[in-house]
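A short write-up of the structure that comes next.
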Amino acid sequence: MSKIILAKDHGKDVMDMRNAYCETMIEMAEKDDRIVALDADLMSAMGMKPFAKKFPERTLDCGIQEANMIGTACGLSVWGKVPFAHTFAPFCTRRACDQIFMSGAYNKANVKVVGSDPGITAAYNGGTHMPFEDMGIMRGFPGMTVVEPSDIVMLKDLLPQIGEAYGMFYMRLVRKDVRKVYDEGSSFEIGRAARLTEGEDAAIIASGFCVAEALDAVEMLRAEGIRVRLLDMFTWKPLDEEAVLWAAETGAVVTAENHNVINGLGSAVSCLLAKKKPTLVEMVGIQDEFGEVGPVSYLRERFGLTAENTVEAVHRAIARKNA
Amino acid sequence: MLNDTQRKELKRFSKQTQMEIVKMISHIPAGHIGGSLSITDVLSVLYNKQMKIDPENPKWEDRDWLVLSKGHCGPALYAALALKGYFPVEQLATLNAPGTNLPSHADRNRTPGIDMTTGSLGQGASTAAGVAAGMKMDEKENYVYLILGDGELDEGQVWEMALMANTKKLDNLIAFVDYNKLQIDGRTDNDEVCDLGDICGKFEAFGWYAQRVNGHDVDEIDTAIDKAKEHKGSPSVIVLDTVKGNGWSRIANTAGSHSRGVSPEELEEALSEMQAAMDEIQ
């Protein structure tokens with residue numbers, strides 16, 4: 001069962017995701033000797049050296065060879081281990097795409113693929129390293145569960161669930177700073193969106209760092225007298241149909257994602273609504289462009305992923321609803 | 001070392017496997033016959049002599065594993081598994097039929113005795129290494145056998161695995177290369193596609209223990225596996241000199257044997273040639 005405690009000071013504190021990832025992986029490995037960590041020469045970048053030090057026999061740094069890392073992880077899982085395989089998001093989902101598909105999903109393996117630096121958070125690594133398509137690629141594979149935790153509290157709660165559930169997972173994960181959204185004690189259910197605010201005028205369905213931006217947007221809209229429902233859609237697949245339909249009750253839906261709107265969260269929500277309850281949708285997200293280099297603050301503005309962009313999208317949605 | 005009875009048994013099993021392969025493929029418009037026929041001898045040595053298996057309990061946790069990375073040669077493995085009793089031989093006639101448990105490419109979720117799903121070339125190399133690494137973590141003394149095609153060595157993933165498996169000292173991994181010298185577009189030992197050059201030398205450069213033997217001589221294969229098992233500290237590769245389409249002279253050593261059909265007349269021809277070879281063993 002989910003228990004959502006929205007942090008009163010949400011959006012204020014900034015926390016490092018890596019530490020939470022490594023600490024939680026160590027806790028999990030202490031309890032479950034099937035947990036194995038694989039990496040492709042980014043163990044230091046991911047802050048996983050403490051894990052490697054504590055569990056050298058359960059650490060496999062494969063070097064810069066993502067295809068072999070994913071394949072090895074799949075073999076380990078068929079043997080009975082629970083491998084978490086990390087590299088930057090483009091290098092698992094693009095470069096090792098067929099390995100995740102065939103050795104993983106088709107083979108019915110049990111690998112937890114972790115792709116870091118999603119979307120614009122690749123920042124100074126620039127367009128080559130900036131995946132706007134990773135979640136969409138992974139969503140297209142039968143049997144994949146696809147998640148994007150929005151803060152550390154959620155990450156810590158989801159990781160053990162991911163480890164315990166048999167099956168292929170893709171988790172995209174901001175490696176460095178994320179804004180706090182939830183208080184300790186919150187718990188989440190994979191496949192169930194977190195319903196964060198109530199309102200009748202419109203609904204925002206957000207994911208990843210866009211949730212913190214959306215919370216800002218909700219406050220800005222409230223000051224204008226506009227009340228919106230906000231969903232943290234941290235599971236992209238399976239998509240929480242009930243929650244999307246709840247959002248659609250407002251008649252004006254806005255999606256917000258750090259991902260290409262083509263094949264992204266906006267597409268997933270629109271596809272569902274087209275089938276179940278045709279509703280107008282505005283999409284905040286990457287408008288089918290390549291990334292570029294720069295600080296996250298610049299890139300957020302450059303690609304239109306700010307709270308202000310979300311407010312504008314809500315205005316557009318309400319205007320269309322009332323037209 | 002094989003005694004005379006064992007040698008004959010292994011040769012007969014290999015020939016029976018070949019006969020089942022041509023029969024299976026005769027039921028469908030086309031199948032991967034050439035590369036299936038070239039690996040029946042190594043399958044015979046593995047399933048009858050070297051591997052720890054229990055056909056009654058295909059998932060036996062103390063078994064040795066086999067990963068057929070050249071997954072398109074599923075028909076060879078299906079025939080060997082059926083002859084070992086993993087499932088009824090009659091089922092072989094369902095190869096590629098709608099709803100079958102015997103699809104073109106090996107699928108562990110459908111067929112008893114298949115340890116790993118394969119089909120996209122190069123990938124079985126890594127999944128085999130993963131199983132070997134898991135066995136090491138659990139201090140098991142079992143072996144993982146990996147069968148690679150020679151054309152498959154074009155895939156970079158094989159060499160990624162070769163680098164890693166040696167670094168991680170996976171001496172419980174024994175790979176075979178079915179060096180039948182032919183891939184779809186031409187020869188593997190000249191510049192028709194990609195020249196593989198000195199395969200043993202390449203693996204040795206990656207730190208592997210490499211041997212090259214006649215892939216249609218069960219004694220040589222058996223001895224090479226024994227030596228590979230004795231070798232500690234790094235993985236082993238056994239390059240098998242083989243003939244694509246082995247056992248049926250009409251298609252032997254032709255690239256066209258990679259995938260083709262078998263007409264009723266051809267089936268009769270192939271079976272009679274194989275039966276004659278079988279009679280010679282007895």
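As the structure is a computational prediction, the values presented were derived from the model and not from experiment. Proteins get letters first, then strands, A, B, ... in listed order; numbering begins at 1 in each.
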To the nearest 0.5 Å, what is the distance between CG (B/Leu92) and CE (B/Met24)? 4.5 Å
Using the ring of each side chain (for Trp, its six-membered ring), is B/Phe206 parallel, tilted or perpendicular to B/Trp159, with breaks at 30° and 60°? tilted
Could you tell me whether the side chain of B/Asp150 and the main chain of B/Asn180 form a donor-acceptor pair under 3.5 Å? yes
Side chain, backbone, both or neither of A/Glu57 within contact of chain B (heavy atoms, under 4.5 Å): backbone
Donor-acceptor contact below 3.5 Å, side chain A/Asn260 vs main chain A/Phe132: no
Any residue meeting side chain to side chain contact (heavy atoms under 4.5 Å, CB included) with B/Asp138, in chain and number order, not counting sequence neighbours: A/Trp79, A/Lys81, B/Lys140
For the candidates B/Met137, B/Arg108, B/Met164, B/Met161, which exhibits the highest count of non-hydrogen atom pairs separated by less than 4.5 Å from chain A? B/Arg108
Hey, which of A/Leu38, A/Leu60, A/Val78 has the most heavy atom pairs under 4.5 Å with chain B? A/Val78
So, the part of A/Tyr106 with a heavy atom under 4.5 Å from chain B: the answer is both
Answer key: most heavy-atom pairs under 4.5 Å with chain A among B/Ser120, B/Ala129, B/Ala133 is B/Ser120
With respect to chain A, which residue among B/Thr118, B/Leu163, B/Val144, B/Val158 yields the maximal number of heavy-atom pairs within a distance under 4.5 Å? B/Thr118
B/Lys169 atom NZ, over 12 foreign heavy atoms within 6.0 Å: no
Side chain, backbone, both or neither: which part of B/Asp107 has a heavy atom under 4.5 Å from chain A? side chain
Does any backbone or side-chain atom of A/Ala73 lie under 4.5 Å from a heavy atom of chain B? Answer side chain, backbone, both or neither. neither
